[in-house]
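Order of listing sets the numbers, starting from 1, for every ligand and every atom in it.
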Amino acid sequence: MVENSQHLSSDPIGVFDSGVGGLTVLHELLVALPHEDFVYLGDTARFPYGTRSPDELLAFSLEITDLLLAEKAKLIVVACNSATAAALEHLEAHVATVAPGVDVIGVVMPESQLAVEATHNGRIGLLATPATVASDAYTRAVKACDPHVKLFSVPCPDLAPIIQGGFPFDQRVVDTVRSYCEPLRAAEVDTVILGCTHYPLVRPMLQRSLGRDTKLITSGAAAAARVERALTVRGLENHQTDEGDYRFLCTGDVESFRSLGTNFLQMPLGNVAHVEVVESGARP
Ligand code: DGL
């Protein structure tokens, strides 16, 4: 258990994901909040999350949240869509108990709000992992924003692993992207939520498959606005005038994180350290 502590505006924002995918979210946060410091934790030892059960996702998310609180995170971004979908409410309740004053920001509601604002024909598509689609979290969030909007969800079991293993991208990635976009074209959606941290990396392929007029909604941009508001309301914005720092923790191999992570962040990675997790990642 992490004890409550007073948070300072100079403390970092904690961000976590199942692995390197959330670096696409961190990238957007770094652009939107250039004066903030960030500590990012990638649970690479237990990737992928997209086929995990809700109980596993909750246990992993609680453990990682405590690790970020121990790093003095003043706010926590759950960059992983699968973790947000399964665990956000539990994480909020947990953090309210162990570290009052620390906000927990997920990606499902901010993305859903942006998508609902963007659609004109009231037909939104969702591409996400099987765990995220099965949770119905986006269906509930979109409905809460506007009950008249219809969500068409496509579970994409292969897409995150294929993107992760696919550098440089080849025809197999293009074909996989196209097959998952097909039902959304048929449903005539005008807006598509990229409901997984990996998908922004194949944005050009998605845009081509879905048509150039389809609006693509990413979670980083959506979450950044919410993070900024939360920090302002709590008076926790970092007032440094220089660019903030960012550093990394991962539960798996440090060098693999560094080499793969550079592709995802599209910026050099600095300090990467290993951190141990106790919850077993073993699959039954
Ligand atoms: N971070 C995960 C998500 O956004 C990527 C995919 C995975 O771990 O299966 O759902």
Decide, yes or no, whether a salt bridge links Arg258 with Glu255 under the criterion of side-chain N to carboxylate O below 4.0 Å.
yes
The single option from Ile217, Leu127, Ile124 that satisfies side chain to side chain contact (heavy atoms under 4.5 Å, CB included) with Val192 is Leu127
Kindly determine whether Ile163 and Met205 satisfy side chain to side chain contact (heavy atoms under 4.5 Å, CB included), including the steps that lead there.
CA-CA 12 Å; Ile163 291 169; Met205 294 178 215; over 6 Å; no
A cation-pi test, strictly: NZ or CZ of Arg52 under 6.0 Å from the centre of the six-membered ring of Phe60 and no more than 45 degrees from its axis. Yes or no?
no
Looking at Thr84 and Gly106, would you say the former's side chain and the latter's main chain have a donor-acceptor pair under 3.5 Å?
no
salt_bridge(Lys215, Glu117) N-O dist < 4.0 Å:
no
For ligand 1, would you mind listing the residues that have at least one heavy atom less than 4.0 Å away, ordered by chain and number?
Asp17, Ser18, Phe47, Pro48, Tyr49, Gly50, Cys80, Asn81, Ser82, Thr129, Ala160, Cys196, Thr197, His198
